[in-house]
Every structure is written in C-alpha cells, then in structure tokens.
Asks: 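Here it is: the structure, laid out below.
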There are 2 protein chains.
Amino acid sequence: MKEFVPVLKRTKLFSGVGEDDIGVMLSCLGARLLFFKKGEYVLRQGEHLSDILVLAEGSLHIQKDDYWGNRSILGHIGIGEIFGEAYAAPESGMLLNDVIALENSSVFFFDVKRIITTCSSACRFHTLVVQNLFFAISEKNRSLVQKLDYMSRRTTREKLLSYLSEVAKKQNSPYITIPFNRQQLADYLSVDRSAMSNELCKMRDEGLLEFEKNRFKLL
Amino acid sequence: MKEFVPVLKRTKLFSGVGEDDIGVMLSCLGARLLFFKKGEYVLRQGEHLSDILVLAEGSLHIQKDDYWGNRSILGHIGIGEIFGEAYAAPESGMLLNDVIALENSSVFFFDVKRIITTCSSACRFHTLVVQNLFFAISEKNRSLVQKLDYMSRRTTREKLLSYLSEVAKKQNSPYITIPFNRQQLADYLSVDRSAMSNELCKMRDEGLLEFEKNRFKLL
DNA sequence: ACAAGTCGGTTGTATTTACAACAGAAAGGA
DNA sequence: TCCTTTCTGTTGTAAATACAACCGACTTGT
C-alpha cells in the first residue's frame, strides 16, 4: 500500500499533505487497497457504498447499461481521481452506475465516516483532508454541470464541438487526446456512433479539426 | 434575518442544529440576507463566487442562454435549498450559469471560507454544519447524475418518462406537480417545446399518463 | 501466419426532432 | 370589461438522428 503514497500525494484529496503524514493517515483512515483485473466491476449499479474511492493505478469508466444493451458512459476516471464520493453519504440511495476497470487497476477505499469525523489523535492534516474533499466534490459537481452542457446541445456536431473545445481548454492546447474510442465517445455524448463518425469526417472536410484515432487537433 | 431561522432549521445545511444555535451561527458565519425581485438575476454567468447560498423565500431557476436566445434550464431551486456551493471553492472558475428569481425571493449568503474553517469560539455545531454541507453537495451531485440520466435518453418520450417517474419516486405518489411550465420543461429536458407537447398528448392518448397544466398523474 | 475479433468509416432508409406558424384558452393589466 | 400577453396544443415541412448492414484496416491470440 505504501508504494502508492507518491500517487496519493498528487491527488486532490491529499493535496498539501506530506508523504510521511499520508502514510500515517492511511492507517488512521483505515484505508484498504483493492486490485481489479481489466474488465472487472469495481462497483455495481444497485450496491450501497460507504467509502470514498481513489484510483491508484489503471483507468476506469463510470457507465450504465440498460435492458436493451444500450450503454451510457458518465465519465472516465484517471489515476489520482476520486470517485464514489456522492454515494458515500449515509442517506444516499444505491449506486446508479457501474464502475468498470478498463485495464488492471488498483483502488483505495476510504471509509467516509472516518474522513468526515475528525479524530483527536495524530492526524494533524485531517481538517485539511476534509476541506480537500469538499473542493474535490465541488470540482466533480462542476464537471457534471459541464457535461450537462454538452448533453443539452441539440445536434451531434454541437455536442462534439463543445466537448472537444472544453477538453482543449482543460489541456490548454489545440492538440488533445481523449480517453475514449469512437463507440465510447458516442456513448459518452449519447449519440449514434455511425452518425457521429460521419459528422466528425464532415467537420474534418470543412477544416474544423483533424484527428487520428483518439488524438484530435482543433483548428 | 432572524425571521428566517425556522426556515434555515429545516434545511440540509442546518439539519440537527437548534434555532438558538442557528441564530448564533448567523453572525459567526457572517451571513448576509439579500432580497431579489421577480425576474432579477441572483447570480450571473461569468461572475466569481465565494459564498454558499440558501434560498429563504421564493423560487429560482438555474439556467443559461446562448447567443441565439436558446435557453437551457439546469434546475429549479425551492425554499431551503442550497446552491452555488460548487463554485464557492477557491480554485473554481467562473459561474457557468445564471440564477434568476422566478418570484420575489430572499437569499442567504454564507462565506464558504468561514464555513469550512472551523472557528474556535462558541459554534458547537460548526463541525456538524461542515458535514451537512458535504452531504448536501453529495446530494446535489447525485441529482446532477440523475439529470444526466434523463438527458442521455435518445427520444423525447424517454426523457419525459424518466423525468416524470423520477419525480413521482421522489414525491412518493403518482400524482405529481412539477416546477415548470411546458416551455420550461422543454428547456430543462433540452427538447423542442412543440414536439414535447405533441408527445405528451400522444402519451395521454395511449393511457400512459394524465395531466393538467403542471400537474401530472402517472398510470 | 492465420483466424477471429475490434475499430472506424460509409451508405441508405425509417424514425424522430427541430422549426415555424397558427389558433384557442387562460391569465394579467388597465 | 376589454385588450394584451402568455401558455398550450396542432400541423406540415425540413433537417437531423437512429438503426442496420457492410467493408477494409488493424489487433490480438494461437
């Protein structure tokens, strides 16, 4: 577990906490580290959760499949990102989405009660972590609003442009790499893959952008 | 300001705190109470925010208008609800949406720094309020995910059904009242009003539901 | 190297939606 | 009360999307 302390140090949750202190907090917070093989479910729709999760290694998708096999991708989780935090609250109902490992992944589980209940002992940084948690959830909240903004666009083209330009803004470069292949991007934006593929090519022909696989250049 | 203490007592933010203690905390937290006339902007897109807001009186819409006048409604705020919390974090950028008063409204402003920075003085319940804030943001987060679920549906009918049945689940009754008129509901679900109106009538003719104005009965 | 599977692009058709325009009912103001 | 405005439903047409089917390029595993 200690091997991932440098990873944790760079996360929003432990921002401002030194590596030594993180090591102490791991036991103070009762952290557990679980490993998931590619394709395995980290969390399943309908489950109850009382932990906040941090991805230490690998990558994940938060997604949902309906009875007819239609998939909807809510988001992508990269190394160091927090997830599950919205469902860790005691009165929160069950999970609405699955979380699935895209590759072999390691995940930290922190019992939410032990985070928000400040312990009186050695954890000097406990208060800081609670604040960090607040900021992290705020940020997640904003990114959900951002996604609602993509999704509220009426046409596939508008959805693509608003998504891609937002990614470019975040990565601060017109050259962007997205964590989705075509089918996944379509599931993320809730559009038809073939129509989206078609639209992307039209936009390329019109000189709006260039792409190759999951790398795009906005013009 | 004191007149709204009973309202605050019933909010998520002050859950578990007695009225007397709320009175003390109002000054401890440096609360401000602002009044807005019907139609006025409470917050504007592009502004920066360092407060968490609680609606004491009236009702609000969180919405966004683009250059062509197309409106997108993110959500409705009722009495006692918290808003703005996602943008109060120091590193959060500017607001992505407007907040507008649907009727004459009163809004509490709480400086977020004074909430998350526990004061050493009299506020016995400060820690509780921080936890409440965490749960409130979690809940907001879940409702955003819920909205993304409506929005990910491909057809107007599916959007309507998923939204209305979710409201029925929340209100725990097949008779529901929604805080939107037709145009607002269309802006909330990001569909065309006339097409939606058409679809609603088809669904009524098929016996799926009944409605009159903003009151619906699911069958 | 081969076979099987995945991925991205293309096309045609049926379905669905957006848009515009209009009309009756209801609500609000003078 | 009358007039104006808002709200809701209706219709027709143009545009966009979903769906299915197919192909070639590329990957993966044996």
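In the text below, chain A, chain B and the rest are named by the order of the sequence lines, each starting its count at 1. Please read these numbers as outputs of a predicted model, since none were measured by experiment.
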Asks: Using side-chain heavy atoms (C-beta onward) and a distance below 4.5 Å, is A:Arg32 in contact with A:Asp51?
Replies: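 A:Arg32 vs A:Asp51: side chains touch.
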Asks: Using side-chain heavy atoms (C-beta onward) and a distance below 4.5 Å, is B:Leu208 in contact with B:Arg157?
Replies: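 Side chain of B:Leu208 against side chain of B:Arg157, heavy atoms only: contact under 4.5 Å found.
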Asks: Could you give the CG-to-P distance, from B:Leu189 to C:dT17, as a whole number of Å?
Replies: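 B:Leu189 atom CG is separated from C:dT17 atom P by 12 Å.
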Asks: Report, as a single string ordered 5' to 3', how protein heavy atoms within less than 4.0 Å touch nucleotides 17-30 of chain D: B base, S sugar-phosphate only, - not at all.
Replies: SSBB----------
Asks: Rounded to the Å, how far apart are B:Trp68 CH2 and C:dC19 C1'?
Replies: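 Answer to the nearest Å: 16 Å.
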Asks: Output the rounded distance in Å from CD (B:Gln183) to P (D:dT5).
Replies: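 For the pair B:Gln183 CD and D:dT5 P, the rounded distance is 18 Å.
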Asks: Given atom CZ of B:Arg204 and atom C1' of D:dT10, what is their separation to the nearest angstrom?
Replies: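 Result: 12 Å.
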Asks: Just checking A:Phe14 against A:Phe108, ring centres under 6.0 Å apart?
Replies: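 Aromatic pair excluded; centres sit 6.0 Å or further apart.
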Asks: Using the C1' atoms of five pairs at each end, what's the angle between the two axes of the helix from C:dA1-D:dT30 to C:dA30-D:dT1, to 10 degrees?
Replies: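 Answer for the end axes of this duplex: 60°.
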Asks: If you pin B:Asn198 and B:Arg182 to their nearest nucleotides in DNA chain D, which one's is more 5'?
Replies: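 Final value for this comparison: B:Arg182.
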Asks: Hey, do the aromatic rings of B:Tyr188 and B:His76 have their centres closer than 6.0 Å?
Replies: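 No.
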Asks: Please report the distance, rounded to the nearest Å, between CG in A:Leu200 and P in C:dT11.
Replies: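 It is 16 Å, rounded to the nearest whole Å.
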Asks: In whole Å, what is the span from the CE atom of A:Met203 to the C1' atom of C:dG8?
Replies: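 Rounded to the whole Å, the gap is 16 Å.
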Asks: So if I apply the side chain to side chain donor-acceptor pair (under 3.5 Å) rule between B:Arg71 and each of B:Asp66, B:Asp98, B:Asp65, which one comes out positive?
Replies: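 Single pass found, and it is B:Asp65.
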Asks: Taking atom P of C:dG8 as reference, at what distance in whole Å does atom CZ of A:Phe211 sit?
Replies: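 So the two atoms are 10 Å apart, to the nearest Å.
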Asks: Kindly say whether B:Ser50 contributes a backbone atom to a donor-acceptor pair with the side chain of B:Lys113 at under 3.5 angstrom?
Replies: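 No, B:Lys113 side chain to B:Ser50 backbone: no donor-acceptor pair under 3.5 Å.
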Asks: Using a 4.5 Å cut-off on heavy atoms from C-beta on, say whether the side chain of A:Leu96 contacts that of A:Tyr87.
Replies: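 In contact.
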Asks: Measure the distance from CZ on B:Phe180 to C1' on D:dC7 and round it to the nearest whole Å.
Replies: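 Whole-Å distance recorded here is 17 Å.
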Asks: Closest approach of A:Met1 and A:Ala31, non-hydrogen atoms and distance?
Replies: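 Heavy atoms only, the tightest pair is CE-O, 3.5 Å.
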Asks: Is the B:Tyr150 ring parallel, tilted or perpendicular to the B:Tyr163 ring (thresholds 30°, 60°)?
Replies: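 It falls in the perpendicular class, over 60°.
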